[in-house]
Amino acid sequence: MKRTNYCGLFSEKDVGGEACACGWVETKRDMGGVIFIDLVDREGTLQVVFNPMLTDKATFALAERVRNQSVLLTRGIIALRDEETINPKIATGTVELRVREAELLSPCDDLPFNPADADDVNEELRLRYRFLDLRRPILRNNIRFRHRIVSSIRRFMDEQGFVDVETPMLTKSTPEGARDYLVPSRVHPGSFYALPQSPQIFKQLLMVSGFDRYYQIARCFRDEDLRADRQPEFTQLDLEMSFVEQEDVLLLLEELFSYLMQDVMNITLKRPFRRLAWQEAMDTYGSDKPDLRFGLPIVDITSYASTSSFTVFKKAAEEGGVVRAITVPGKADFTRATIEHLTEFAISQGAGGMAWIAWRPDGEVYSILSKFISQENMDELLRLVGAKPGDFVLFSADKLNVSRRVTGALRLKLGDMLALRDSSKYAFCMITDCPMFEYREEDRRWVAQHHPFTMPYEEDFPYLLSDPARVRSQSYDVVLNGTELGSGSIRIHRSDIQKKVFEALGLEEDEINSRFGFLLNAFRYGAPPHGGFAFGLDRLVMLLAGEDSLRDVIAFPKIRDASCLLTDAPSLVDPAQLAVLGIQLEKGSDAAQTIDKTSSSPKRKTPVFNLAELEAQTRLSLTQDEERLVHHRLTQLIDLAENMQTVDTEGVPMTISPSDEKGVYLTPETIPGASRDQLLFNTAETRDGFIVVPPVVE
RNA sequence: GGCGCAGUAGUUCAGUUGGUUAGAAUGCCAGCCUGUCACGCUGGAGGUCGUGGGUUCGAGUCCCAUCUGCGUCGCCA
């Protein structure tokens with residue numbers, strides 16, 4: 001084919017030279033006597049010109065009828081454009097290919113949509129024709145940007161001495177956490193593999209094996225409902241290090257993200273990254289993944305409130321709750337409608353109501369609170385929340401958890417309203433000292449907030465069983481712009497502590513052994529202290545590419561119900577496939593009925609036998625006509641057998657012959673024999689007029 | 001599973017208090033055009049208004065149900 005360069009990479013250096021360019025027809029401008037085509041490939045656009053003076057007749061005719069998005073090969077001379085015909089909009093705008101001959105490599109059918117002009121096309125349609133969608137530069141650039149991030153990560157990890165190790169996809173179900181995707185085993189009917197939710201256990205085993213530093217860009221699977229930022233299969237950068245403490249891992253992460261941001265975004269991050277203890281994040285930002293691109297910190301005024309004459313505040317403080325405030329600088333001019341809107345929003349988040357103060361620039365204090373508290377107390381309150389004239393202050397008085405949620409949500413809402421969430425800013429931070437356990441009301445037991453292999457702080461060991469709530473874990477999250485990128489922890493490498501944690505989680509000995517026995521067992525043979533981290537690659541790419549949906553950074557994403565519009569997966573399978581796995585569909589389920597219908601219908605599309613295989617097995621070679629006939633007969637037989645199955649034979653009396661005749665003979669009849677050639681006509685192989693019989697044992 | 005939004009030509013959309021033959025742009029087809037670059041000009045084809053019911057003399061428009069897609073809550077150690 002001898003393509004000389006990508007369309008988008010031709011330049012003035014090529015002028016005068018013979019060139020061959022291949023690509024997709026993006027637009028065609030047919031002037032009658034001269035035709036311009038914008039030929040496009042992954043690197044950009046090149047104008048190719050068809051002019052009867054230079055182009056041969058057949059090629060010109062081809063250019064006249066070629067349609068958009070067809071694939072074209074063009075040969076000719078790269079020429080400099082006249083000054084007044086230069087196109088500054090494309091990189092190759094000063095040159096053009098003057099075509100001598102061209103070849104239509106692949107014509108394009110009627111398009112469901114034109115990828116050259118499809119930024120607003122319905123996403124469902126685009127996903128059905130994802131291969132066309134991926135021709136759109138924005139999507140192609142996202143996927144290539146993703147590639148650059150991945151290569152950058154690999155380069156960094158390699159430089160840091162990490163070893164890339166693949167871990168199994170067919171693995172063991174670990175019921176803690178999200179729902180697993182299960183894969184039935186054919187060899188062990190009734191047993192199932194699980195697709196990994198993460199390579200967690202394997203990477204810890206690799207540490208026991210002495211690999212010291214492991215990483216993997218690993219596919220993970222979680223069978224939970226989708227969101228814009230959540231796909232059922234997703235990719236993580238997974239890493240683990242031996243002989244490290246929390247600080248070592250955090251420094252490495254800081255290094256990694258700084259390297260990445262420099263390399264792919266050309267942004268130098270400020271170091272060290274901001275670090276917040278979990279409790280601090282929850283109290284100051286109302287979130288364990290605070291958006292630090294803007295201020296608006298939450299201020300606690302509970303001790304002030306306990307002495308307040310405003311009953312709502314006083315009551316909240318007295319009943320063990322908290323009173324918190326957010327000061328919005330310069331927004332004393334919020335309209336009543338805005339304040340009403342904020343109040344409704346707070347209530348939707350679980351608040352009982354929302355007190356507020358608008359401190360006018362002229363010093364007037366406008367608030368319902370004025371009725372309940374003295375001027376003196378008001379001054380004190382305004383001082384505590386750090387307000388100045390012209391500021392707006394809003395309050396939350398509630399139980400701790402409710403107040404954290406409400407103030408956190410309000411803070412983000414204000415950030416959006418005031419356009420403080422600047423998309424060109426990248427605020428990384430690290431959250432440490434998370435609680436080890438979380439009480440789950442519906443299960444009435446403690447569950448691990450991170451995962452059960454996380455090492456608690458040594459000074460909290462004594463409370464593991466007596467007071468799980470106060471146990472903090474050596475775990476950490478990396479947060480970017482209010483999104484949790486990933487999390488990690490120092491792991492437990494001693495089986496005695498691990499057992500205690502399992503105990504705190506209420507796991508029985510048997511259960512522990514069947515689920516994690518192999519890990520605990522491994523720890524008995526010399527396990528180094530170790531810790532690691534994992535973060536969602538898709539999410540990082542999404543954030544850095546400025547997209548709102550993971551679907552825009554994954555080549556072939558799934559939709560909301562976890563199906564794939566392109567391939568139509570998941571789909572029903574042949575009953576025979578299920579039978580091999582020993583799986584029976586629930587009687588009366590939609591799937592079972594659909595399969596029943598398709599399999600008993602004579603119009604079934606996929607035959608349950610493979611004729612070619614049968615031919616090979618029986619060593620018959622059939623003509624096309626015979627093949628058709630055999631196929632038809634076999635299908636009839638199978639249908640007959642299937643229909644017989646559906647016949648209700650219950651209670652049918654035994655058939656009794658009324659005839660006494662026995663030993664009825666057929667009259668012998670001589671039919672002229674076939675010739676030898678006729679007899680041998682269908683044999684697979686003949687030699688010297690005999691059938692070749694292959695040896696029984698081959 | 002709950003709540004919200006959307007579905008009209010191949011595509012993107014308009015369509016008034018329910019009222020004649022449902023429009024535009026773009027794409028497609030045919031014709032013209034030798035320097036365009038979102039080329040231009042002339043003409044043409046293209047619609048079960050997601051689907052099914054209902055109200056009405058009359059439904060794209062109102063009501064009910066349903067399907068599909070998106071967002072969100074539940075869920076996601």
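Only a predicted model underlies this, so the values are computations on that prediction, with no experimental measurement involved. Here is how names work: the chains are called A, B, and so on, in the same order as the sequence lines, proteins then strands, and each is numbered from 1. Basis for what follows: all heavy atoms, side chains included, without hydrogens, waters or symmetry-related copies.
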Item checked: Below 4.0 Å: OP1/OP2 of B/rA38 and any side-chain N or O of A/Lys89 -> yes

Check: Taking CG from A/Asp225 and P from B/rC75, how many angstroms apart are they, rounded to a whole number?
Finding: 11 Å

Next item on the list: Mind calculating the distance between CZ (A/Arg230) and C1' (B/rA77) to the nearest angstrom?
Entry: 13 Å

Notebook entry, point to check: Under 4.0 Å: is that the gap between some side-chain N or O of A/Arg81 and OP1 or OP2 of B/rC37?
Noted result: no

Checklist line | A/Arg29 side-chain N/O to B/rU36 phosphate OP1/OP2 under 4.0 Å | finding: no

Check: Which is it for A/Glu123 and A/Arg551 under the salt bridge (Lys or Arg N to Asp or Glu O under 4.0 Å) test, yes or no, and what are the steps along the way?
Finding: CA-CA 10 Å; A/Glu123 192 177 15; A/Arg551 294 187 296 274; 2.7 Å; yes

Checklist line | Nearest-nucleotide comparison on RNA chain B, the residue closer to the 5′ end among A/Leu111 and A/Asp229 | finding: A/Leu111

Margin query: Does A/Asp30 reach a base, just sugar-phosphate, or nothing at all? Heavy atoms under 4.0 Å.
Written below: base

Next item on the list: State the pairing partner of B/rC57; accept Watson-Crick or G-U wobble contacts with both distances under 3.5 Å, and report none otherwise.
Entry: B/rG19

Check: For the pair made of CG in A/Asn122 and C1' in B/rA9, what is the distance, rounded to whole Å?
Finding: 15 Å

Margin query: Tell me the interatomic distance from A/Asp561, atom CG, to B/rU68, atom P, rounded to whole angstroms.
Written below: 8 Å

Item checked: Nearest-Å distance once atom C1' is located in both B/rG7 and B/rC13 -> 13 Å

Notebook entry, point to check: Looking for any heavy atom pair under 4.0 Å, which part of the strands does A/Leu127 touch: base, sugar-phosphate only, or nothing?
Noted result: nothing

Margin query: Is it the case that the side chain of A/Thr85 and the backbone of A/Arg81 share a donor-acceptor pair, with hydrogens and angles ignored and the cut-off at 3.5 Å?
Written below: no

Note to self: I'd like the C1' distance from B/rU21 over to B/rG60, given in whole Å.
What the structure shows: 15 Å

Next item on the list: Grab the CZ-C1' distance between A/Arg65 and B/rC29 for me, whole Å please.
Entry: 16 Å

Next item on the list: Kindly indicate whether a cation-pi arrangement holds for A/Arg472 with A/Tyr457, taking the cut-offs as under 6.0 Å to the six-membered ring centre and within 45° of the axis.
Entry: yes

Margin query: For a quick check of understanding: with a heavy-atom distance under 4.0 Å over all strands, which category does A/Leu125 fall into, base, sugar-phosphate or nothing?
Written below: sugar-phosphate

Notebook entry, point to check: To the side chain of A/Met53, which of B/rU34, B/rU11, B/rC75 is closest?
Noted result: B/rU34

Next item on the list: Assign A/Glu83 to base, sugar-phosphate, or nothing according to its heavy-atom contacts below 4.0 angstrom with the strands shown.
Entry: nothing

Checklist line | Test item: A/Gln231 side-chain N/O and A/Lys558 main-chain N/O as donor-acceptor pair under 3.5 Å | finding: yes

Next item on the list: Mind calculating the distance between CD1 (A/Ile90) and P (B/rC39) to the nearest angstrom?
Entry: 12 Å

Check: Can you tell me how far C1' of B/rA77 sits from CZ of A/Phe502, to the nearest Å?
Finding: 12 Å

Note to self: Over all strands shown, is A/Arg67 touching base, sugar-phosphate only, or nothing at heavy-atom distances under 4.0 angstrom?
What the structure shows: sugar-phosphate

Check: P atom, B/rG71 versus B/rU26: distance in rounded Å?
Finding: 32 Å

Margin query: Once you measure the plane-to-plane angle for A/Phe131 and A/Tyr129, does it fall in the parallel (<30°), tilted (30-60°) or perpendicular (>60°) bin?
Written below: perpendicular

Notebook entry, point to check: Among B/rC75, B/rC37, B/rG69, which is the nearest nucleotide to the side chain of A/Arg179?
Noted result: B/rC75

Margin query: Can you check the distance between B/rA22 and B/rG10, where both ends of the measurement are the P atom (answer in whole Å)?
Written below: 16 Å

Check: For B/rG46, which nucleotide in any strand shown is its Watson-Crick or wobble partner with both distances under 3.5 Å?
Finding: none

Note to self: Does the Lys NZ or Arg CZ of A/Arg491 fall within the cation-pi geometry relative to A/Phe453 - under 6.0 Å from the ring centre and within 45° of the axis?
What the structure shows: no

Checklist line | Inter-nucleotide P distance (B/rU20, B/rU66), Å rounded | finding: 32 Å

Item checked: Complement of B/rG1, any strand, by Watson-Crick or G-U distances under 3.5 angstrom -> B/rC73

Next item on the list: Would you verify whether the NZ or CZ of A/Lys203 falls within 45 degrees of the ring axis of A/Tyr214 while also being under 6.0 Å from that six-membered ring's centre?
Entry: no

Checklist line | C1'-based separation of B/rC39 from B/rG4 [nearest Å] | finding: 45 Å

Item checked: Base B/rG35 paired with A/Glu96 side chain (donor-acceptor, <3.5 Å) -> yes

Next item on the list: Mind checking A/Asn87 for me? I need base, sugar-phosphate or nothing, with any heavy atom below 4.0 Å counting as a touch.
Entry: base

Next item on the list: Can you figure out which of B/rC70, B/rC39, B/rU12 approaches the side chain of A/Arg551 most closely?
Entry: B/rC70

Margin query: What's the gap between B/rA25 and B/rC64 when it is taken at their P atoms, as a whole Å value?
Written below: 36 Å

Check: Considering Watson-Crick and G-U wobble pairs with both distances under 3.5 Å, what does B/rA24 pair with?
Finding: B/rU12

Item checked: C1' atoms of B/rA59 and B/rU48, separation to the nearest Å -> 14 Å

Notebook entry, point to check: Would a 4.5 Å heavy-atom cut-off, applied to side chains only, mark A/Leu566 and A/Phe556 as touching?
Noted result: yes

Item checked: A/Phe36 over B/rU36, stacked by centroid distance under 5.5 Å, angle under 30° -> yes

Check: Quick one: is A/Thr27 getting a side-chain N or O under 4.0 Å of the B/rC39 phosphate, OP1 or OP2?
Finding: yes

Item checked: Candidates B/rC70, B/rC37, B/rC76 - which lies nearest the side chain of A/Asp38 -> B/rC37

Note to self: I'd like to know if A/Arg126 reaches the base of B/rG69 with its side chain, counting only an N/O donor and acceptor under 3.5 Å.
What the structure shows: no

Note to self: Between P on B/rU36 and CG on A/Leu46, what's the gap in Å once rounded to a whole number?
What the structure shows: 18 Å

Check: When we call it a touch if two heavy atoms are under 4.0 Å apart, what does A/Gln449 touch: a base, just sugar-phosphate, or nothing?
Finding: sugar-phosphate

Note to self: For the backbone of A/Gly76 and the side chain of A/Arg100, can you confirm whether one donor and one acceptor N or O come within less than 3.5 Å of each other?
What the structure shows: no

Next item on the list: Would you mind classifying the nucleic acid contact of A/Ile559 as base, sugar-phosphate or nothing, using non-hydrogen atoms under 4.0 angstrom?
Entry: sugar-phosphate

Note to self: Just to be sure I understand the rule, does A/Ser198 reach a base, reach only the sugar-phosphate, or reach nothing, if contact means heavy atoms closer than 4.0 Å?
What the structure shows: base

Notebook entry, point to check: So what does A/Asp120 touch, heavy atoms closer than 4.0 Å: a base, only the sugar-phosphate, or nothing?
Noted result: sugar-phosphate

Checklist line | Residue-phosphate contact under 4.0 Å: A/Arg128 side-chain N/O, B/rU11 OP1/OP2 | finding: no

Next item on the list: Identify the nucleotide, in any strand shown, that forms a Watson-Crick or G-U wobble pair with B/rC41, with both distances under 3.5 Å; if there is none, say none.
Entry: B/rG31

Item checked: Under 3.5 Å donor-acceptor pair, A/Arg222 side-chain atoms to B/rC76 base atoms -> no

